[in-house]
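Working notes, structure below.
Order of the sequence lines fixes the chain letters, A, B, ..., with proteins taken first and strands second; residue numbering starts at 1 for each chain.
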Amino acid sequence: MLAIKLAFKNLLGAGLRTWLNVIVLSFAFVLIIFYNGMIDGWNRQARNDTQNWEIGSGQFWHPAYDRFDPYTIAESNAVISKDIQDLIDDDKLTPVLIRQATLYPQGRLQSVLIKGVDPNQKVLELPTADIQNSQNKYAAIIGKQMAKSTKLNVGDKVLMRWRDKNGTFDAHEIEIVSIFKCDVPTVDNGNIYLDIKTLQDMTTLQDQATMLVAHREYENTKLEGWEHKNLGFLLAEFDKIIESKKGSGLILQSILLILAMLAIFDTQVLSIFRRQKEIGTYIALGLTRAKVVGIFTVEGAAHSILAAIVGAIYGVPLFIYLSKNGIYYGTSAQDAGMNIPMAETLYPYYSVGLVITSIIIVVVAATIVSYLPARKISKMKPTQALKGKIQ
Amino acid sequence: MDIIKITDLVKKFPVGNGHFTALNQISLTFGEGEFAGFVGPSGSGKTTLLNIIGSLDTPTEGNAIVLDKSISELSHKQSAKLRNQHIGFIFQTYNLLPVYTVYENVEFALLLQNLSGSVRKKAVLEALEWVGLTDKIKSKPAQLSGGESQRVAIARAMVKKPKIVLADEPTANLDSKNSHNILQTMLKLNEELKTTFIFATHDEKVMKYLKRKISLADGKVVGDEMI
Ligand SMILES: Nc1ncnc2c1ncn2[C@@H]1O[C@H](COP(=O)(O)OP(=O)(O)OP(=O)(O)O)[C@@H](O)[C@H]1O
Ligand SMILES: [Mg+2]
């Protein structure tokens, strides 16, 4: 208590020097929170979008299916059992049948994944109802990026060729009935969505599906004959990206933190050198050396408390503004050719945990760099300190 | 009863390869309520002896027993406790804490003792009354004159009612009027509270107030007279 009161009085008494340190340190604070808040916001947003558009609470795959190996697709389908159909009718699951096909937009050739989806599904945000609204059996919906790369517009018809279950080629014209906007590239790029019934007919795979997507509120992870894939598995790649972004941010944050710590360290060394007489006086008044070391350590560490306050003064309004209005990136990551889920406007997310962790890191770091020079006090001779003669 | 008993005390400081003997075979005793002073030329060892009595330094040889405690045998913690409870210091340069007010400077000495806030407040105000500074309790040291600063230092040394007050050249930075003023204050406290005062000085004005004058020269006691 004594040390804390004295620390703040001394710090505020030191004037400009204190404020310079505090401002540098507050930058470190704000930057750490800003950057991590941005990454956390992106993470939340992207996970949320991916769950809503593609994976729900998880997927049940046909055991042979491997999303990175297109050759598995032809063998990765099974009949939907009666029990599972009940779950589908109950909106707990929705089936997806996946096949490969080739599209011939304007005479060019493009291989695509056809995904047969249930137009009545309520599991994913995918606007599958649009398929049903059309009278055309071969009605298809595609994403904005896909529309751009194939130069297809609503109402366009395009020739598609595929193999049925026996490997025999077949072809038909499909009609684009709507174009949706989705920030999850694996939903958009290279995908064409048809009515699952149509696709089953086209491939003579009656009542079959490649996977079942679970509703976000459906928690069951066991279905006979299907392999459950949880979020950890399905989002593993994205999680890696987040980790690496956090890692690269760490470098800049560390540099700023180290600069701030050097400034505090320097201030501490100087103040211990300059205030020897004060140190001697404390000892003469009956403070133990350990207590005096404590006073100086707290004083240095208190920079971080002031920095938190100063940082809050300009940081809080900034963070509130950003989390309300988001950070607009102009083009989405997909437009920029990146295959990661990211929206055009990113809403940073500042969690209590983030703020507390940042405060702990900065306070602990400041305490350590304040303690190191202060330790010297315990080796001082009080008589010399009182004379102010220690070099 | 002796509150300070020094026997055959030697203090050597390392200098270069050898050492310098600052105090040589000192033997002295002090009783309760003394108003004594070490006098002698510069470098005679006054400050060194005062520091050892105040447990800020330790003897090289011999013994210094202060309030039944042998200074050489005290741990850092024990000597801190001895100073905090029983010894007050007054310095030539006042050594007030610049960021604290007069009140807080005086209170500081009590903060280490587990006293209640009201007991502390009473003691601080009483100490400031002794030195006649009750009207300056909110001032900062920078706003005080030298004489006022030294009176705050006296209040700080006295507030815990120590057995011993050690004053190293307390008047060296003061004019004659202020010197007399603080000496009178200290003499009064010595008489009222039976506190033992020991000075280190070469100020004639101080010597006039001393009841016992111990002369040092080259680290030896060369005179010890009661006045
Ligand atoms: N830490 C030290 N190292 C070496 N020599 C020292 C040290 N402290 C004091 N001395 C020497 O011991 C002698 C006594 O010093 P001390 O400070 O006690 O003198 P003093 O009587 O108080 O002098 P003054 O009247 O000038 O204050 C001096 O010669 C001084 O140089
Ligand atoms: Mg001296």
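Residues A:Arg17 and A:Asp266 are paired through a salt bridge, judged by an N-O separation under 4.0 Å between the basic side chain and the carboxylate. Under the 4.0 Å criterion applied to side-chain N and carboxylate O atoms, A:Asp239 and A:Arg47 are assigned as salt-bridge partners.
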Counting only pairs under 3.5 Å, give me each side-chain donor-acceptor contact of residues 32-43 of chain B, with atom names and distances, residues two or more places apart or in other chains.
unit_1, atom_1, unit_2, atom_2, d
B:Glu34, OE1, B:Arg212, NH1, 3.0
B:Glu34, OE2, B:Gly31, N, 2.9
B:Glu34, OE2, B:Arg212, NH1, 3.1

Under 3.5 Å, sequence neighbours excluded: what are the donor-acceptor pairs made by side chains of residues 283-290 of chain A?
unit_1, atom_1, unit_2, atom_2, d
A:Thr288, OG1, A:Lys291, N, 3.2
A:Arg289, NE, B:His76, ND1, 3.4
A:Arg289, NH1, A:Met380, O, 2.8
A:Arg289, NH2, B:His76, ND1, 3.3

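Using a 4.5 Å cut-off between heavy atoms, B:Glu104 contacts chain A through its side chain alone, with no backbone atom that close.
Counting heavy atoms of neighbouring residues, nucleotides and ligands inside a 6.0 Å radius, atom OH of A:Tyr371 does not exceed 12 of them. For B:Asn114, the CG atom is loosely surrounded, since the number of other residues' heavy atoms within 6.0 Å does not exceed 12. The 12-atom threshold is exceeded at CG of A:Asn48, counting heavy atoms of other residues, nucleotides or ligands nearer than 6.0 Å.
A:Gln276 places a side-chain N or O within 3.5 Å of a backbone atom of A:Phe273 that can act as its donor or acceptor partner. For the pair B:Thr171 (side chain) and B:Leu174 (backbone), a donor-acceptor distance under 3.5 Å is absent. One N or O on the side chain of A:Asn325 and one on the backbone of A:Tyr321 form a donor-acceptor pair closer than 3.5 Å.
The choice from A:Lys9, A:Arg275, A:Glu278 that makes the most heavy-atom pairs within less than 4.5 Å of chain B is A:Lys9. Interface remark: of the candidates B:Ile87, B:Thr47, B:Thr93, B:Thr93 forms the most heavy-atom pairs closer than 4.5 Å to chain A.
Near-neighbour residues of residues 124-154 of chain B relative to chain A, defined by a heavy atom under 4.5 Å from a heavy atom of that chain, are none. The contact list for residues 55-70 of chain B toward chain A, using heavy atoms and a distance under 4.5 Å, reads B:Leu56, B:Asp57 by residue number.
Ring centers of A:Phe319 and A:Tyr350: under 6.0 Å apart, within the cut-off.
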